[in-house]
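Quick one: this structure, given as structure tokens, is what I'll be asking you about.
Computation of the quantities below employed the complete heavy-atom set of this structure, encompassing side-chain atoms and omitting hydrogens, waters and symmetry-equivalent molecules. Proteins come first, then strands; the chains are lettered A, B, ... in the order of their sequence lines, and each starts at number 1.
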Protein chains: 2
Amino acid sequence: MSYTVGEMAKMLNTTPSTLRYYDKEGLLPFVGRSVSGIRMFTDTDYEWLQIIGCLKKTGMSLKDIRKYIYMAMQGDDTIDERLQLFLKQKEAVEKQLAEINETLDIINFKCWYYQTAKEAGSTEVPKNMSLDEIPEQFHAVREKLRRPNKAETYEQKVE
Amino acid sequence: MSYTVGEMAKMLNTTPSTLRYYDKEGLLPFVGRSVSGIRMFTDTDYEWLQIIGCLKKTGMSLKDIRKYIYMAMQGDDTIDERLQLFLKQKEAVEKQLAEINETLDIINFKCWYYQTAKEAGSTEVPKNMSLDEIPEQFHAVREKLRRPNKAETYEQKVE
DNA sequence: ATAAAACCTAAAGTCAACTCTAGGTCAAGC
DNA sequence: GCTTGACCTAGAGTTGACTTTAGGTTTTAT
């Protein structure tokens, strides 16, 4: 079973131009052509493109993705290299996850902050609350947002 | 307590150029200047920059961040708008989290795949394994990677 | 048989977010 | 007082990842 660039683009929820661009950049050396020069994508190519999409989503550059594709094209000699790449990528993605969770904490704090401000009619209310008026889950976030340096030595603020 | 652009850049783990660029783009209308025109960042500015960094990390464009800053500068009339913005951003980030978790599944599968290939000396081994030879946790991922389109969608295939 | 739609390439254009350069001013240490 | 390093602006340049355009060929539908 094979697909044209337009069909494959639809299956991947992208555009033909993007796939041609990837091809031009050397990311799709596995894609075959018909006698008249038209790209013929297979189900296996679809799998490759899913992997490419996965790596891209986790922030890998097209250049690095190309390196991986080249490795794979070289065959079994590069198995370990590829394993290392995915192990490294796993680390990177786990770090990303942790970071996004941290920013989610900040966003949740801000939601509470503006919810409170809305009820009170002014941002001065949440802004000036002392820690014991704030839900505990937000204590750490507020401290982190305020402290210009991470040293916990002292934190006197006088204006 | 006030800081120069270089000091603030260090505190935020960025560069002076980036901060000047943000300023030029209108993201930092709150930053004051000394008599001689030098930017003077305060602790409050640091908090703003943390929020900007948070929004940026979750993929918000500088343009949209500027909109938010402008809202905030307008005062209490925009509290609800800002609340809505953060609620929307919360949704977006939760979706991001789900997506990253999905790609992490794929990466974990690939780690297992290449680990298995390494032990066997060839990618043919994991590639040709039947589902019951594969750890259950990877069943769903492998199916997803392989299936060119969902069962319910109809898509004509060229042969 | 012909028109429309989908394919092809090469090359130029776009966009966001920086990053660097040039030319100059200001402030701290010797 | 002088040097050095940090600051300033305006504007040009860079990078990555597309996207569009122009000009042409092939496939599909009527």
Side-chain angles (χ1 to χ4, degrees), chain A residues 1-42 45 48-69 92 96 103, chain B residues 1-42 45 48-49 51-69 92 96 103 155-159:
Chain A
M1 226 169 308
S2 82
Y3 317 91
T4 66
V5 69
E7 287 162 349
M8 186 51 75
K10 254 178 212 152
M11 282 158 61
L12 294 161
N13 206 25
T14 180
T15 68
S17 297
T18 301
L19 292 181
R20 292 198 193 101
Y21 168 67
Y22 286 179
D23 196 9
K24 189 164 61 175
E25 291 298 298
L27 270 78
L28 316 179
F30 44 77
V31 174
R33 301 282 181 129
S34 75
V35 218
S36 53
I38 286 174
R39 289 179 188 82
M40 308 289 275
F41 291 80
T42 66
D45 297 347
W48 279 113
L49 283 161
Q50 294 260 94
I51 297 297
I52 289 173
C54 163
L55 295 173
K56 206 158 59 72
K57 255 194 253 174
T58 63
M60 190 180 281
S61 69
L62 297 189
K63 223 169 129 185
D64 285 348
I65 293 173
R66 180 172 53 195
K67 271 190 216 151
Y68 162 67
I69 299 285
Q96 257 183 64
T103 71
Chain B
M1 197 60 189
S2 83
Y3 316 91
T4 67
V5 69
E7 286 163 349
M8 186 50 75
K10 254 178 210 150
M11 282 158 62
L12 294 161
N13 206 25
T14 181
T15 68
S17 298
T18 302
L19 292 181
R20 292 198 193 100
Y21 169 66
Y22 285 179
D23 197 8
K24 191 161 57 173
E25 291 297 299
L27 271 77
L28 317 179
F30 44 78
V31 175
R33 302 282 182 127
S34 75
V35 216
S36 53
I38 288 174
R39 289 179 188 81
M40 308 290 273
F41 290 80
T42 67
D45 297 347
W48 279 113
L49 282 161
I51 296 297
I52 288 174
C54 163
L55 294 173
K56 206 159 60 73
K57 256 195 254 173
T58 62
M60 191 181 280
S61 70
L62 297 189
K63 224 168 127 186
D64 285 348
I65 294 173
R66 179 172 52 195
K67 272 188 215 153
Y68 162 66
I69 299 285
Q96 256 182 66
T103 71
E155 183 87 50
Q156 65 270 53
K157 290 162 189 175
V158 177
E159 313 189 11

Quiz item: Between dT20(D) and Y21(A), is there an OP1 or OP2 to side-chain N/O distance shorter than 4.0 Å?
Solution: no
Quiz item: Would you say dC7(D) has OP1 or OP2 under 4.0 Å from some side-chain N or O of R39(B)?
Solution: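 Looking at the OP1 and OP2 atoms of dC7(D), neither is under 4.0 Å from any side-chain N or O of R39(B).
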Quiz item: Hey, which of these two, I38(B) or G6(A), hits DNA chain C nearer its 5' end, going by closest nucleotide?
Solution: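 Looking at the nearest nucleotide for each, G6(A) comes out on the 5' side.
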Quiz item: Which sits closer to the 5' end of DNA chain C, G37(A) or K24(A), going by the nucleotide each is nearest to?
Solution: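 Nearest-nucleotide comparison on DNA chain C picks G37(A).
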Quiz prompt | Side-chain N,O (T4(B)) to OP1/OP2 (dC7(D)) below 4.0 Å | solution = yes
Quiz item: So does R39(B) pair up with D45(B), basic N to acidic O under 4.0 Å?
Solution: no
Exercise. Decide whether S34(A) and S36(A) meet the rule of one side-chain donor and one side-chain acceptor closer than 3.5 Å.
Key: yes
Quiz prompt | N or O in side chain of S17(A) less than 4.0 angstrom from dT20(D) OP1/OP2 | solution =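 No, outside the criterion.
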Quiz item: On DNA chain D, nearest-nucleotide positions of G59(A) versus S36(A): which is more 5'?
Solution: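 It is G59(A) whose nearest nucleotide is closer to the 5' end.
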Exercise. Would you tell me if any nitrogen or oxygen in the side chain of Y22(A) comes within less than 4.0 Å of OP1 or OP2 on dC18(D)?
Key: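 The answer is yes; a side-chain N or O of Y22(A) sits under 4.0 Å from OP1 or OP2.
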Practice problem: Could you state the atom-to-atom distance from CG of D23(A) to C1' of dC8(C) in whole Å? | Solution: 11 Å
Quiz item: Roughly how many Å is it from CE in M8(A) to P in dC8(C), rounded to a whole number?
Solution: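 For the pair M8(A) CE and dC8(C) P, the rounded distance is 13 Å.
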Self-check item: Closest listed nucleotide, where the reference is the side chain of S61(A) and the choices are dT19(C), dA17(D), dC8(C)
Solution: dA17(D)
Exercise. Report yes if a side-chain nitrogen or oxygen of R33(A) is closer than 4.0 Å to either non-bridging phosphate oxygen (OP1 or OP2) of dT9(C); otherwise report no.
Key: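 Looking at the OP1 and OP2 atoms of dT9(C), one of them is under 4.0 Å from a side-chain N or O of R33(A).
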Quiz item: Are L12(B) and L19(B) side-chain neighbours, meaning at least one heavy-atom pair lies under 4.5 Å?
Solution: yes
Quiz item: Can a salt bridge be assigned to the pair D64(B) and K67(B) using a cut-off of 4.0 Å between side-chain N and carboxylate O?
Solution: yes
Quiz item: Phosphate oxygens OP1/OP2 of dG16(D): is one of them under 4.0 Å from a side-chain N or O of K56(A)?
Solution: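 No, no such contact exists.
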Exercise. Whole angstrom is fine here: how far is it from NZ in K63(B) over to P in dC18(C)?
Key: 16 Å
Exercise. Measure the distance from CD on E7(A) to C1' on dC7(C) and round it to the nearest whole Å.
Key: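 One finds 12 Å between C1' of dC7(C) and CD of E7(A), rounded.
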Quiz prompt | Nearest-Å distance for atom pair CG/C1', residues L28(B) and dC8(D) | solution =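 In whole Å, dC8(D) C1' and L28(B) CG are 15 Å from each other.
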Quiz prompt | Whole angstrom value for the distance that separates P of dA6(C) from OH of Y3(A) | solution =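 In whole Å, dA6(C) P lies 19 Å from Y3(A) OH.
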Quiz item: Expressed in angstrom and rounded to an integer, what is the separation of N13(B) atom CG from dC18(C) atom C1'?
Solution: 16 Å
Practice problem: Take the protein atom CE of M60(B) and the nucleotide atom P of dA16(C), then report the distance between them rounded to whole Å. | Solution: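 From M60(B) CE to dA16(C) P: 15 Å.
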Quiz item: Base, sugar-phosphate, or nothing: which does R20(B) touch, judged by heavy atoms less than 4.0 Å apart?
Solution: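 Base contact.
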Quiz item: Is any side-chain heavy atom of L28(B) closer than 4.5 Å to a side-chain heavy atom of L49(B)?
Solution: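 Contact flag for L28(B)/L49(B) side chains = yes.
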